[in-house]
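Notes follow the structure.
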Amino acid sequence: MSIRINVDYKDKDKAKNKGAFWDSELKTWFIPDNKKISDFEEWLPVDTSIIVKNPFFVVKNSRICWKCNNEIPLIALAAEKYILNEYDDDSENSTWKIVNSLTLFSDITYLPPVIVEKIQSKYPFFKLSYSKTIGGKYWANTCIHCKALQGDFFNHCEPDGAFFPTSVDEAKVIELLKLDMKHDFPLRGNYSFGDTIYLIDKYSKRNIFNLNNI
């Protein structure tokens, strides 16, 4: 699967000479699978740490809003395969490594605009929101009633959080909606692993979800 990159018009010949191609249908440049990601890092968002491989998933659950006490829907983004940019502590070099296991992404500070547009068309409560806790913005759930931010730490990192099941029964109410993409895409954020992901992977409900080819 090829990877989306953001190439300015002035750099199009440089990117093309390195092996990038233009997708006229989706109006984006992409890196073919047979090319090294490191040769194209200047056209990835700054500090990109993850490339999400096709397919990716919208993960659905609900919780009680901490502010208004109404039940609200929540989503997270996930993938069964991704490429991780790992840095060597003894040097400034990094290596792109393929990981083949389900993960949920959190504290996302960058998503490609086309992914944002598709997700928000269905889930407008998933917004780029300011968090006093971290002193910055990230893509997070907000309450559909009172608009309060529903922080990722509580949802992803606290036992019994919406995306941190501690039992089979808690995992069974979570739904994974599969979306197919034409190109893989970069993401900047954190990823999850461990027993809680195992529970989601093994026991959650899975469905195919159509937002058209993205």
Side-chain angles (χ1 to χ4, degrees), residues 1-7 22-31 43-45 48-68 70-83 102-131 136-152 154-156 161-163 173-192 200 204-214:
M1 181 65 66
S2 50
I3 302 169
R4 292 176 182 270
I5 52 175
N6 299 320
V7 178
W22 173 252
D23 185 326
S24 58
E25 178 185 2
L26 296 183
K27 302 294 189 290
T28 186
W29 287 88
F30 64 88
I31 313 169
W43 297 300
L44 291 172
T48 293
S49 54
I50 294 165
I51 303 293
V52 179
K53 299 287 290 179
N54 184 61
F56 83 103
F57 297 83
V58 170
V59 187
K60 294 177 62 179
N61 204 350
S62 62
R63 63 168 278 190
I64 300 299
C65 173
W66 63 267
K67 187 173 183 179
C68 69
N70 285 299
E71 185 173 3
I72 58 172
L74 301 175
I75 68 164
L77 303 185
E80 289 182 315
K81 180 185 290 187
Y82 59 103
I83 308 175
L102 180 71
T103 190
L104 271 64
F105 303 110
S106 61
D107 304 309
I108 299 170
T109 57
Y110 174 80
L111 283 171
V114 65
I115 303 298
V116 170
E117 180 182 357
K118 294 291 186 180
I119 295 300
Q120 286 195 316
S121 69
K122 183 71 174 179
Y123 307 106
F125 55 85
F126 190 70
K127 302 176 181 180
L128 187 61
S129 305
Y130 181 80
S131 166
K137 291 183 176 182
Y138 67 95
W139 287 96
N141 292 278
T142 58
C143 177
I144 60 174
H145 303 286
C146 71
K147 313 304 180 185
L149 174 69
Q150 310 297 308
D152 271 6
F154 180 82
N155 290 322
H156 288 260
F163 305 116
V173 301
I174 296 173
E175 184 178 8
L176 268 67
L177 302 177
K178 179 181 176 181
L179 293 90
D180 285 316
M181 302 177 293
K182 187 174 181 181
H183 301 298
D184 302 334
F185 65 88
L187 174 151
R188 187 166 59 242
N190 294 326
Y191 56 96
S192 303
I200 294 174
S204 64
K205 297 175 289 186
R206 294 181 179 240
N207 290 295
I208 297 175
F209 184 48
N210 183 17
L211 280 177
N212 302 317
N213 273 345
I214 54 176

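The distance from atom CD of E80 to atom NZ of K53, rounded to the nearest 0.5 Å, is 13.5 Å. Note that CD of E175 is 4.5 Å distant from CG of N207, once rounded to the nearest 0.5 Å. To the nearest 0.5 Å, the span separating OG on S129 from NZ on K137 amounts to 8.5 Å. Once rounded to the nearest 0.5 Å, the distance linking CD1 of I115 with CZ of R4 reads 5.5 Å. The OG atom of S2 sits 9.0 Å away from atom CD1 of I31, with the distance rounded to the nearest 0.5 Å. Here the NZ-CG distance, from K67 to N70, works out to 12.5 Å after rounding to the nearest 0.5 Å.
The two residues C68 and C65 come nearest to each other via the heavy atoms N-SG, 3.5 Å. Pairing each heavy atom of L177 with each of K60, the nearest pair is CD1-CD, 3.4 Å. Closest non-hydrogen pair, D180 versus P55, comes out as OD1-CB, 3.6 Å. Of all non-hydrogen atoms in H183 and L26, the two that sit nearest each other are CD2-CD1, 3.9 Å. Closest of all the heavy-atom pairs between Y138 and D152 is OH-N, 3.0 Å. Closest of all the heavy-atom pairs between I83 and I3 is CD1-CD1, 4.4 Å.
Not counting sequence neighbours, the partners of V173 by the side chain to side chain contact (heavy atoms under 4.5 Å, CB included) test are N61. A search for side chain to side chain donor-acceptor pair (under 3.5 Å) contacts involving Q120 returns nothing, not counting sequence neighbours. The ring-ring contact (aromatic ring centres under 6.0 Å, His included) check on F163 picks up H156, with sequence neighbours excluded. Residues that satisfy the ring-ring contact (aromatic ring centres under 6.0 Å, His included) test with Y110, not counting sequence neighbours, are absent from this structure. Taking the side chain to side chain contact (heavy atoms under 4.5 Å, CB included) definition, one finds that S49 meets it with nothing, sequence neighbours left out.
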Quiz: residues 140-148 side-chain donor-acceptor pairs under 3.5 angstrom, not counting sequence neighbours:
residue: N141; atom: OD1; partner: I75; partner atom: N; Å: 2.9
residue: N141; atom: ND2; partner: I75; partner atom: O; Å: 2.9
residue: T142; atom: OG1; partner: F125; partner atom: O; Å: 2.8

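K27 places a side-chain N or O within 3.5 Å of a backbone atom of S24 that can act as its donor or acceptor partner. Proximity of a side-chain donor or acceptor of W66 to a complementary backbone N or O of L149 within less than 3.5 Å is detected. Counting only distance, with no hydrogens or angles, the side chain of Y191 and the backbone of Y82 share no donor-acceptor pair below 3.5 Å. Although no hydrogens or angles enter the test, the distance criterion places a donor-acceptor pair under 3.5 Å between the side chain of N155 and the main chain of Q150.
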- Query: Stepwise, does the side-chain contact (heavy atoms from CB on, under 4.5 Å) test hold for R63 with I72?
  - Reply: CA-CA 6 Å; R63 63 168 278 190; I72 58 172; 4.2 Å; yes
- Going through the distances and angles, do L111 and L77 end up as a side-chain contact (heavy atoms from CB on, under 4.5 Å)? CA-CA 11 Å; L111 283 171; L77 303 185; 3.9 Å; yes
- Going through the checks in order, is the side-chain contact (heavy atoms from CB on, under 4.5 Å) test met by V59 and L104? CA-CA 8 Å; V59 187; L104 271 64; 4.2 Å; yes
- Decide yes or no on side-chain contact (heavy atoms from CB on, under 4.5 Å) for F57 and K178, but give the supporting numbers first. CA-CA 5 Å; F57 297 83; K178 179 181 176 181; 3.6 Å; yes
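Between W139 and V116, some side-chain heavy-atom pair lies under the 4.5 Å cut-off. Side-chain atoms of K182 and E25, non-hydrogen and from C-beta on, do get closer than 4.5 Å to each other.
Within 6.0 Å of NZ on K205 lie more than 12 heavy atoms contributed by other residues, nucleotides or ligands.
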